[in-house]
Amino acid sequence: MSERVIPLIDQRTAALSPPAAAFDSSTRVSANGLLADQLGRPLRDLRISVTDRCNFRCNYCMPKDVFDKDYPYLPHSALLSFEEITRVARLFVAHGVSKIRLTGGEPLLRKNIEILIEQLAALRTLEGRPLDLTLTTNGSLLKRKAQSLKDAGLQRITVSLDGLDDAVFRHMNDVDFPVSDVLEGIEAAKAAGLGPIKINMVVKRGTNDDQILPMVRHFRGTGMVLRFIEYMDVGATNGWRMDEVLPSSELVQRIHREVPLVQLEPSAPGETAQRWGFANAQGGHDVAAGEIGVISSVTQAFCHDCNRARLSTEGHLYLCLFANQGHDLRSLIRQGASDADIASAIGHIWQARGDRYSELRSALPADTGSNSARRVEMSYIGG
Ligand code: SAM
Ligand code: SF4
Ligand code: SF4
């Protein structure tokens, strides 16, 4: 029997310690919402991964041959507790974060996630407003959980759905999960008032690109925003190849030939999706028909206004989706650091940030840049 090699170097324990200057009273950074990184980018958006486990095995994210029963998932004690997450989140909010997205792995697998949502929903931005609090899910547990998530204070939700055809969908999730259950979950989210709902579709050329038009027709006029994501070279296990990426420009042309589109203005700075509205007979935007979004993470870098930080399942702070090292906030918390110390550490880490991987990608060797074997997995830091 041949031995299987897991092409993954476990980066989860190799986090950096916050810089000593963060704890010196003369160089302390306090939270006042004015933080900027080396490229002048503010900190506004925090993505929190609440579990590294998932019940799907999408092969662009958690390929079955790597994420099998022997995969070393984190033990429960390594995970940040809800109290720890809320404490850190409050400090990020004091630094100017106004949007928090819960992700994973599959966030709805984290037991009692509603309790965390309740705690986060009670936070207020620097302007005194509730946070933009959302969650990205594969939708498998949504039918059961939509109402309790809403009751806990979740405002809106993003559901990942890679096709409408049942065979294609089962192939994409690789655990034979039926598409009808996710569609029922989406309906339950709508009925519970979790809106506006976004639907994320990762497109892999030759695998699910025949689902683009059926998805457009299905979600047009429903008030839900369908967003197409270019298949990205995240992590080190998905065997990414450029020829499986369908560039957004080609995708928009394909849709436009059948269902005319008009380009719309970005809705907010740092917005990852480019917006396209469905056109009316006069060539204007048919507002009732709605819009789609395209996220061109591979072909069109949007690092220049990237205001996102990511907190991994075990409390490591990542400054870029493609980073190969995080900064260990959990040790700080568990060593008894004060709020001022933790806020200062976050401040120092953000001020030193110069990440712009997507912009630099074109200069890296194709497919397997030297950095790729060490990148952390998407399921660990969240999308
Ligand atoms: N399990 C949840 C889900 O699937 O929605 C949340 C976590 S998942 C890592 C977050 C998002 O990342 C999903 O929309 C997923 O499709 C996307 N994603 C994962 N791997 C990707 C890849 N290689 N390229 C592009 N998007 C990816
Ligand atoms: Fe699970 Fe989401 Fe990754 Fe698919 S994309 S394997 S649902 S974490
Ligand atoms: Fe932000 Fe990194 Fe993505 Fe650029 S590559 S947009 S810096 S997460």
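As the structure lists them, so they are numbered: ligands from 1, and atoms in each ligand from 1. Numbering of residues begins at 1 and proceeds along the displayed sequence.
For Arg227 against Glu271, the heavy-atom pair with the smallest separation is NH1-OE2, 4.4 Å. When all heavy atoms of Ile117 and Leu133 are compared, the pair lying nearest together is O-CD2, 3.9 Å. Closest heavy-atom contact between Val93 and Thr125: CG1-CA, 3.9 Å. In terms of heavy atoms, Thr137 sits closest to Leu108 at OG1-CD1, 3.6 Å. For His304 against Glu359, the heavy-atom pair with the smallest separation is N-OE2, 3.3 Å. Listed here is the closest heavy atom pair of Leu161 and Met215: O-CE, 3.3 Å.
For ligand 3, the atoms closer than 4.0 angstrom to any heavy atom of Arg310 are 8 (S). Atoms of ligand 1 lying under 4.0 Å from any heavy atom of Gly104, numbered from 1 in the order shown and given with element: 7 (C), 9 (C). Every atom of ligand 1 with a heavy atom of Thr103 under 4.0 Å away is listed here by number and element: 6 (C), 7 (C). Residue contact check: Asn200 has heavy atoms under 4.0 Å from atoms 14 (O) of ligand 1. Within ligand 1, counting atoms from 1 as listed, the ones closer than 4.0 Å to a heavy atom of Ile229 are 25 (C), 26 (N). If you number the atoms of ligand 1 from 1 as listed, the ones under 4.0 Å from a heavy atom of Asn138 come out as 2 (C), 3 (C), 5 (O).
At a cut-off of 2.8 Å, measuring from atom 1 (Fe) of ligand 2, the protein N, O or S atoms that fall short of it are Cys54 SG, waters left aside.
Looking at Glu244 and Arg205, no side-chain N of the basic residue comes within less than 4.0 Å of a carboxylate O on the acidic one, giving no salt bridge. Electrostatic pairing of Arg57 and Asp68 does not count as a salt bridge here, judged by no charged N lying under 4.0 Å from a carboxylate O. A salt bridge is defined here as a Lys NZ or Arg NE, NH1 or NH2 lying under 4.0 Å from an Asp or Glu carboxylate O, and Asp233 with Arg241 fails to meet this definition. Ion pairing between a basic and an acidic side chain is recognised when a charged N comes within 4.0 Å of a carboxylate O; Asp209 and Lys204 show no such pairing. A salt bridge between Arg308 and Asp45 is absent, with no side-chain N of the basic residue lying under 4.0 Å from a carboxylate O of the acidic one. For the pair Glu83 and Arg87, the salt-bridge criterion is not met [side-chain N within less than 4.0 Å of a carboxylate O]. In this structure, Arg170 pairs ionically with Asp166, as a charged nitrogen and a carboxylate oxygen lie closer than 4.0 Å.
The aromatic rings of Phe177 and Phe56 sit tilted relative to each other, their planes meeting at an angle between 30° and 60°. Aromatic ring pairs are classed by plane angle as parallel below 30°, tilted from 30° to 60° and perpendicular above 60°; the pair Tyr73 and Phe67 is tilted.
Taking distance alone, with nitrogen or oxygen atoms compared against 3.5 Å, Ser160 approaches ligand 1 more closely than that limit. Of the N or O atoms in Asp162, none lie within a sub-3.5 Å distance of an N or O in ligand 1. Looking at ligand 1, you'll find an N or O of Gly105 within less than 3.5 Å of one of its N or O atoms. Ligand 1 has a nitrogen or oxygen under 3.5 angstrom from a nitrogen or oxygen of Met232. Annotation: Glu106 places an N or O atom under 3.5 Å from an N or O atom of ligand 1; distance criterion only. Ligand 1 has no N or O atom lying under 3.5 Å from any N or O atom of Ser379, backbone or side chain.
Only protein N, O or S atoms were scored, and 1 of them lie under 2.8 Å from atom 4 (Fe) of ligand 3.
The proximity of Arg47 to ligand 3, defined as any non-hydrogen pair under 4.0 Å, does not occur for either the backbone or the side chain. Within the 4.0 Å heavy-atom criterion, the part of Thr137 lying near ligand 1 is the backbone and not the side chain. Residue-level proximity to ligand 1 for Val234 is carried by the side chain, the only part with a heavy atom below 4.0 angstrom.
In this structure the side chain of Phe228 reaches within 4.5 angstrom of the side chain of Ile292, judged on heavy atoms. Met232 places a side-chain heavy atom less than 4.5 Å from the side chain of Ser297.
Using a 4.0 Å cutoff on heavy atoms, Glu230 counts as a contact of ligand 1.
Between Ser379 and Asp52, the side chains place no donor N or O within less than 3.5 Å of an acceptor N or O (distance only, hydrogens not considered).
For atom 6 (S) of ligand 3, the closest non-hydrogen atom of the protein is Arg308 NH2, 3.5 Å.
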